[in-house]
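Everything on this sheet refers to the single structure shown next.
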Protein chains: 6
Amino acid sequence: MYELGVVYRNIRRPDSDLAARLGAFGTATVHEAMGRIGLMKPYMRPIYAGAQASGTAVTVLLHPGDNWMLHVVAEQIRPGDIVVAAITADCTDGYFGDLLATSFKARGAHGLVIDAGVRDVRVLTSMAFPVWSKVISAKGTVKATLGSVNIPVVCAGALVTPGDVIVADDDGVVVVPAALAQKALEAAAAREANEGEKRAKLAAAVLGLDMYNMREPLQKAGLKYID
Amino acid sequence: MYELGVVYRNIRRPDSDLAARLGAFGTATVHEAMGRIGLMKPYMRPIYAGAQASGTAVTVLLHPGDNWMLHVVAEQIRPGDIVVAAITADCTDGYFGDLLATSFKARGAHGLVIDAGVRDVRVLTSMAFPVWSKVISAKGTVKATLGSVNIPVVCAGALVTPGDVIVADDDGVVVVPAALAQKALEAAAAREANEGEKRAKLAAAVLGLDMYNMREPLQKAGLKYID
Amino acid sequence: MYELGVVYRNIRRPDSDLAARLGAFGTATVHEAMGRIGLMKPYMRPIYAGAQASGTAVTVLLHPGDNWMLHVVAEQIRPGDIVVAAITADCTDGYFGDLLATSFKARGAHGLVIDAGVRDVRVLTSMAFPVWSKVISAKGTVKATLGSVNIPVVCAGALVTPGDVIVADDDGVVVVPAALAQKALEAAAAREANEGEKRAKLAAAVLGLDMYNMREPLQKAGLKYID
Amino acid sequence: MYELGVVYRNIRRPDSDLAARLGAFGTATVHEAMGRIGLMKPYMRPIYAGAQASGTAVTVLLHPGDNWMLHVVAEQIRPGDIVVAAITADCTDGYFGDLLATSFKARGAHGLVIDAGVRDVRVLTSMAFPVWSKVISAKGTVKATLGSVNIPVVCAGALVTPGDVIVADDDGVVVVPAALAQKALEAAAAREANEGEKRAKLAAAVLGLDMYNMREPLQKAGLKYID
Amino acid sequence: MYELGVVYRNIRRPDSDLAARLGAFGTATVHEAMGRIGLMKPYMRPIYAGAQASGTAVTVLLHPGDNWMLHVVAEQIRPGDIVVAAITADCTDGYFGDLLATSFKARGAHGLVIDAGVRDVRVLTSMAFPVWSKVISAKGTVKATLGSVNIPVVCAGALVTPGDVIVADDDGVVVVPAALAQKALEAAAAREANEGEKRAKLAAAVLGLDMYNMREPLQKAGLKYID
Amino acid sequence: MYELGVVYRNIRRPDSDLAARLGAFGTATVHEAMGRIGLMKPYMRPIYAGAQASGTAVTVLLHPGDNWMLHVVAEQIRPGDIVVAAITADCTDGYFGDLLATSFKARGAHGLVIDAGVRDVRVLTSMAFPVWSKVISAKGTVKATLGSVNIPVVCAGALVTPGDVIVADDDGVVVVPAALAQKALEAAAAREANEGEKRAKLAAAVLGLDMYNMREPLQKAGLKYID
């Protein structure tokens with residue numbers, strides 16, 4: 001977070017299967033499995049409904065209005081990565097468009113998460129290249145000032161260390177530190193294990209009040225029913 | 001609005017047909033029929049394009065980051081109701097997901113209006129369970145503090161009393177007090193009665209200036225044309 | 001910008017073909033061709049995905065909560081125009097709905113750009129009448145105070161002079177002054193000329209670093225690679 | 001909330017002493033005494049630091065960009081009142097300036113709470129006429145459309161019924177329904193009774209952990225200390 | 001607005017006395033005198049309470065995160081000027097601090113209006129150098145990309161042409177085109193002429209309803225009083 | 001960042017003198033010395049003008065609407081510390097008031113930085129206890145859910161590790177990692193060394209263009225002067 005003008009070429013990536021399996025659970029389940037931490041701010045939205053991606057974070061720190069380092073990070077992408085782009089200050093410029101998307105896709109990137117703007121969203125949608133961004137904007141950028149690649153960054157309120165697992169879908173973007181990925185996976189699996197049964201009960205009009213045994217704690221907390 | 005920890009079980013619901021008939025007019029017409037009052041803030045958006053719902057309000061007041069009372073309100077839902085959820089302070093957490101949606105739907109709810117966040121939007125969309133919310137967020141909540149059910153609440157800038165009629169669509173969410181519902185229905189019907197004729201004229205390139213006889217008042221107000 | 005209560009009837013429109021040809025390039029390319037100026041704020045969003053329009057600006061200045069002048073501007077529309085509506089202060093009211101859209105369309109308008117709210121978006125979408133707005137709101141307006149038509153206005157942060165070319169799509173709204181339209185067209189064409197070749201290279205995993213010869217300037221700027 | 005064009009002349013005001021005594025406790029204490037409800041959104045800020053006021057609410061509902069009804073409400077002010085102004089949609093115009101402040105002050109108003117803009121703040125400050133508003137803006141308004149006076153309104157997220165007690169200071173604006181004012185006063189007094197003792201302990205570096213006996217519930221909740 | 005990399009050295013400045021005399025009226029009066037147009041967005045706030053300035057606009061267009069052109073504009077300042085700085089996209093960086101303020105002041109600038117951030121506000125306050133800005137931020141900027149000086153710019157929603165008169169105080173920032181300055185001055189003077197008398201009446205508890213003869217138009221509009 | 005329910009009691013604090021010396025330079029200089037990184041978002045504002053503080057970070061992670069852990073962190077404060085409070089989701093509640101301030105002050109805290117709301121600001125101001133917060137709000141909180149103390153947190157967009165140096169003033173809040181504090185101090189000192197000389201030159205109307213030798217690079221970049 002505190003070095004400018006550096007590119008770390010060798011980052012530790014977790015087992016590639018891990019990201020895919022975490023991704024299958026979706027952000028809501030993974031976020032719960034993490035103890036409700038690691039979620040980016042909800043202003044991060046996919047550029048098209050139904051976008052879904054998971055992968056390993058390669059990070060890039062950019063300056064306002066300057067996308068030079070996106071070309072630098074492209075070289076560091078390995079198949080299965082998701083690029084996470086942070087800006088040193090709030091900026092709504094469109095840092096990323098169809099040419100960079102073509103390049104990122106060719107390198108094997110699963111998507112982009114950027115705390116700024118993106119453009120060419122119609123083309124990106126037709127390419128099925130998912131992007132989560134703060135805004136959509138046709139505004140281009142200059143290429144003048146160095147940032148860094150593969151340093152820890154804060155993106156949309158979440159700390160992202162290179163090699164973290166990123167899970168993203170319609171509900172947002174969750175960051176899972178590499179060291180916690182296996183544990184999060186297990187917690188997510190445990191959480192989902194009995195969801196089917198719960199869903200069936202609820203669909204049969206059983207109340208959560210009964211299914212989760214909430215009546216007693218509610219009464220204890222003082223809840224009063226008035227007819 | 002001023003009681004915490006209470007659940008009113010018996011609320012007066014207007015004739016069930018009323019909500020359906022108001023809903024058929026859509027929010028823009030109903031809002032005009034109400035004299036342009038009763039609209040929630042425009043940050044309330046449906047989770048999918050084309051969402052439409054109308055029904056009777058059952059209300060719930062929640063605390064920031066705490067969705068306990070959503071389970072309590074589920075029991076109070078009757079077929080045709082729309083749950084209106086207010087929070088005691090601004091909060092973007094995802095209070096509601098697919099399990100609660102399954103429960104609400106099984107109870108007969110027509111939808112949810114919540115001045116906070118919602119998650120699992122892809123599943124909710126596939127369930128065709130409409131939600132109007134301030135934000136979409138994977139962030140879950142705790143179950144620790146009592147709120148209330150079926151007290152008057154302020155939701156997204158609008159006062160909602162249990163039993164009010166809620167009309168919601170792509171244009172927003174309108175609240176029609178039960179006592180005014182019949183009158184609003186008539187005003188909406190009157191308003192729409194000659195819309196077809198108007199639309200036909202405008203489609204034939206007749207100007208609103210002429211159709212509404214605006215030229216004279218505009219001139220009187222001092223409008224000048226310059227060639 | 002400084003006259004109220006006036007309607008300029010004769011504005012200079014650029015060659016009608018110009019707008020169509022600029023529109024074909026899309027906002028991102030046109031904005032780059034303009035030297036990265038003339039873009040409206042990115043809060044301006046189309047009411048449906050995939051909306052695209054280009055045309056000649058006819059402008060209207062409105063007051064908060066008052067859409068009277070939209071009827072006045074309707075008369076000034078010629079086929080191929082886009083109405084650009086500015087408000088004298090921030091306002092989220094729904095100034096424009098399906099009746100006005102029917103009228104505008106019948107007059108030949110290609111779309112509406114409004115720094116406020118719009119309603120009846122489902123109908124507008126089914127009419128394929130594109131609108132770019134700050135917000136969607138069912139809230140209607142009064143007809144009480146004069147504004148102006150075809151004066152220069154500031155709309156969503158961009159100066160719009162009647163007769164300017166407007167290009168709008170999913171990425172935003174760009175304003176091209178009539179006097180610069182031909183030059184912008186050429187610059188856009190030049191810019192796109194070799195995009196196909198670039199895209200092919202990038203798709204073949206050639207890096208932008210190499211294609212754009214960035215390695216040397218990056219090194220000169222001090223970029224360090226760390227293994 | 002649902003009538004336009006009406007002025008209620010006779011509203012029930014609580015005992016005038018009640019507002020003064022509640023005001024002495026300040027908003028934070030009164031809000032706690034109310035069970036943490038009734039607070040306006042925190043975007044409501046006083047126009048000068050140290051502003052303090054309490055009084056009885058007379059309410060007014062205004063349209064965007066139209067301050068006509070502020071002249072109507074002036075006549076309804078009695079000494080000790082606070083005018084609470086709501087707008088039918090979001091608006092930042094400066095509805096109120098030094099002339100209206102002179103009038104309101106002469107009628108005995110203790111202040112103004114407005115969910116919109118105010119101007120002439122330097123003069124208002126020198127008059128020591130306190131205003132809580134969403135924004136400061138030199139932008140004036142028209143006088144064209146009827147609103148209402150002394151109907152229930154939603155102002156900055158809070159329901160205000162004419163005759164409610166308003167308490168406002170640097171921390172915000174709290175609404176106390178007339179019927180709850182006496183009870184709130186007692187709760188506030190009880191709350192403050194032992195604050196002096198608490199403050200003395202804390203100033204002597206006694207920890208809240210011990211003073212409030214939090215160590216056991218924290219341990220029970222699972223808090224772990226790591227050296 | 002459409003040229004980058006140019007500095008216009010010779011701009012037409014109105015009679016220097018004009019700005020001073022307009023400034024004496026304050027923004028609210030000048031804005032009314034202008035027919036309620038020309039006000040910047042209300043997010044523009046002075047860095048200290050009581051700040052007041054008027055002068056001739058010299059303009060500068062900057063890029064996000066790049067303050068190079070502030071040094072270029074410094075040379076174009078003549079005594080009595082106010083620098084108006086626009087950015088090509090939203091940016092919150094602190095473009096301006098005590099060193100530039102020292103320079104601007106030495107050149108005779110009356111203040112700065114910038115649609116971005118400013119820093120060193122404590123020093124600027126002690127220097128009594130007034131700045132109106134969108135935000136305060138310690139974040140510095142680079143010096144890499146050319147903008148322009150003394151071209152028309154859109155700053156905080158208002159068009160500013162070099163040589164326009166700027167009036168700024170606690171209520172905001174108003175732009176008066178040079179060609180309209182004399183007329184605005186007269187309108188402002190006329191407006192204020194009888195304000196003293198009005199204020200005296202209102203202070204004596206005469207109602208605006210009577211002083212402005214509003215009772216009849218209100219009744220005509222349908223206002224009903226209910227006892 | 002990923003543990004809930006833990007309190008780290010032993011954190012490494014840098015030499016106490018370091019924070020004081022960094023603080024003397026102010027946030028703008030320290031932020032530049034850091035290479036323009038480590039600044040919190042500019043929405044973080046001091047509760048009174050002229051607030052200044054520097055110290056060692058003790059961190060706390062809180063849940064929306066729940067300030068329980070502020071009592072836990074109080075015990076971990078050592079003289080010279082600044083408490084940095086992050087919330088797991090956006091929240092505007094008033095987590096901190098005069099009682100906690102009394103406690104924090106008695107423990108030797110130099111201030112509080114909180115990405116949420118604060119209340120009792122008048123008392124806090126009279127205590128000269130500086131707080132930087134997102135908002136001011138009278139809204140209180142519950143004490144129900146565990147967070148953590150002295151884990152790394154993201155506060156207002158900046159990563160804060162316990163033991164980091166915090167520098168805060170009117171311009172914002174800067175985070176200096178303990179390991180970089182000495183180097184940042186030297187860079188800040190070097191930066192300020194010749195500021196006096198520069199200021200004198202600029203005050204004598206020497207232009208930055210000449211003092212910084214910018215004329216040649218500007219010309220090289222293509223800047224054109226037009227008479």
Side-chain angles (χ1 to χ4, degrees), chain B residues 25-46 49-52 157 167-174 191-192 194-215 217-227, chain C residues 3-11 47-49 65 67-77 92-94 97-108 116-127 133-151:
Chain B
F25 287 111
T27 55
T29 296
V30 171
H31 183 245
E32 288 286 346
M34 292 282 293
R36 290 193 204 108
I37 343 194
L39 187 70
M40 291 192 186
K41 300 268 179 195
Y43 62 70
M44 295 297 282
R45 299 299 304 144
Q52 269 186 307
V167 177
D169 58 23
D170 295 83
D171 291 345
V173 183
V174 177
R191 197 177 161 79
E192 279 231 328
N194 55 358
E195 286 234 324
E197 192 187 340
K198 279 186 201 166
R199 197 173 286 110
K201 279 190 190 172
L202 293 170
V206 172
L207 286 165
L209 287 178
D210 298 311
M211 191 172 81
Y212 298 116
N213 297 313
M214 286 174 174
R215 291 193 191 273
L218 282 164
Q219 190 185 356
K220 225 168 151 180
L223 189 65
K224 276 176 287 190
Y225 285 86
I226 298 172
D227 286 322
Chain C
E3 289 168 293
L4 285 177
V6 297
V7 180
Y8 285 88
R9 266 195 283 234
N10 297 314
I11 62 170
I47 56 168
Y48 52 86
N67 79 342
W68 209 9
M69 300 304 286
L70 285 182
H71 291 279
V72 177
V73 77
E75 190 177 24
Q76 307 307 318
I77 295 170
T92 60
D93 285 0
D98 69 334
L99 286 180
L100 273 166
T102 302
S103 176
F104 277 32
K105 199 174 181 180
R107 309 290 299 180
V118 62
R119 57 185 184 170
D120 298 329
V121 296
R122 188 202 324 244
V123 182
L124 269 53
T125 302
S126 70
M127 290 168 66
S133 72
K134 186 167 76 172
V135 75
I136 291 167
S137 171
K139 172 90 170 41
T141 47
V142 301
K143 296 178 207 316
T145 308
L146 292 187
S148 286
V149 168
N150 281 334
I151 60 167

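None of these values were measured; they are calculated from a predicted model.
Annotation: the span from B/Ile226 atom CD1 to C/Asn10 atom CG amounts to 11.0 Å, rounded to 0.5 Å. Taking OG1 from B/Thr29 and CG from C/Asp120, the interatomic distance works out to 7.0 Å, rounded to the nearest 0.5 Å. To the nearest 0.5 angstrom, B/Leu39 atom CG is 5.0 Å from C/Ser137 atom OG. The distance from atom OH of C/Tyr48 to atom CG of B/Asp170, rounded to the nearest 0.5 Å, is 14.0 Å. Between C/Arg119 atom CZ and B/Thr27 atom OG1 the span is 8.5 Å, to the nearest 0.5 Å.
Both the backbone and the side chain of C/Lys139 come within less than 4.5 Å of a heavy atom in chain B. For C/Val149, no part sits under 4.5 Å from any heavy atom of chain B, backbone or side chain. At a 4.5 Å heavy-atom cutoff, the contact between B/Leu223 and chain C is made by backbone and side-chain atoms alike. When heavy atoms are compared at a cutoff of 4.5 Å, C/Val135 approaches chain B solely by way of its side chain, counted from C-beta outward. With a 4.5 angstrom heavy-atom cutoff, C/Asp98 touches chain B only via side-chain atoms. Using a 4.5 Å cut-off between heavy atoms, B/Ala168 does not touch chain C at all. The contact between C/Arg107 and chain B is made entirely by side chain atoms (from C-beta outward), counting heavy-atom distances below 4.5 Å.
Scored by the side chain to side chain donor-acceptor pair (under 3.5 Å) test, B/Tyr43 finds B/Asp115 as partners (sequence neighbours excluded). The side chain to side chain donor-acceptor pair (under 3.5 Å) check on C/Asn67 picks up C/Thr141, C/Lys143, with sequence neighbours excluded.
Considering all non-hydrogen atoms of both residues, C/Ala106 and B/Ala203 come closest at CB-O, 3.5 Å. Across all their heavy atoms, B/Gly222 and C/Leu146 have their closest contact at C-CD1, 3.7 Å.
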(request) Evaluate the criterion side chain to side chain contact (heavy atoms under 4.5 Å, CB included) for residue pair C/Glu75 and B/Arg215; output intermediate values, then yes/no. (result) CA-CA 11 Å; C/Glu75 190 177 24; B/Arg215 291 193 191 273; 2.8 Å; yes

(request) Verify side chain to side chain contact (heavy atoms under 4.5 Å, CB included) between B/Lys198 and C/Leu99, making sure each step is shown before the conclusion. (result) CA-CA 8 Å; B/Lys198 279 186 201 166; C/Leu99 286 180; 4.2 Å; yes

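Most heavy-atom pairs under 4.5 Å with chain C, from the set B/Ala221, B/Gly208, B/Gly172: that is B/Ala221. Between chain B and the options C/Thr125, C/Asn150, C/Val72, heavy-atom pairs under 4.5 Å are most frequent for C/Val72.
Side-chain contact between B/Asp169 and C/Arg122 is present, with at least one heavy-atom pair separated by less than 4.5 Å. In this structure, C/Tyr8 and B/Lys224 have side chains that are not in contact, with every pair of non-hydrogen atoms separated by 4.5 Å or more.
Counting non-hydrogen atoms of other residues, nucleotides and ligands closer than 6.0 Å to CD of B/Glu195 gives a total above 12.
Between the B/Asp171 side chain and the C/Ile136 main chain, no donor and acceptor come within less than 3.5 Å of each other.
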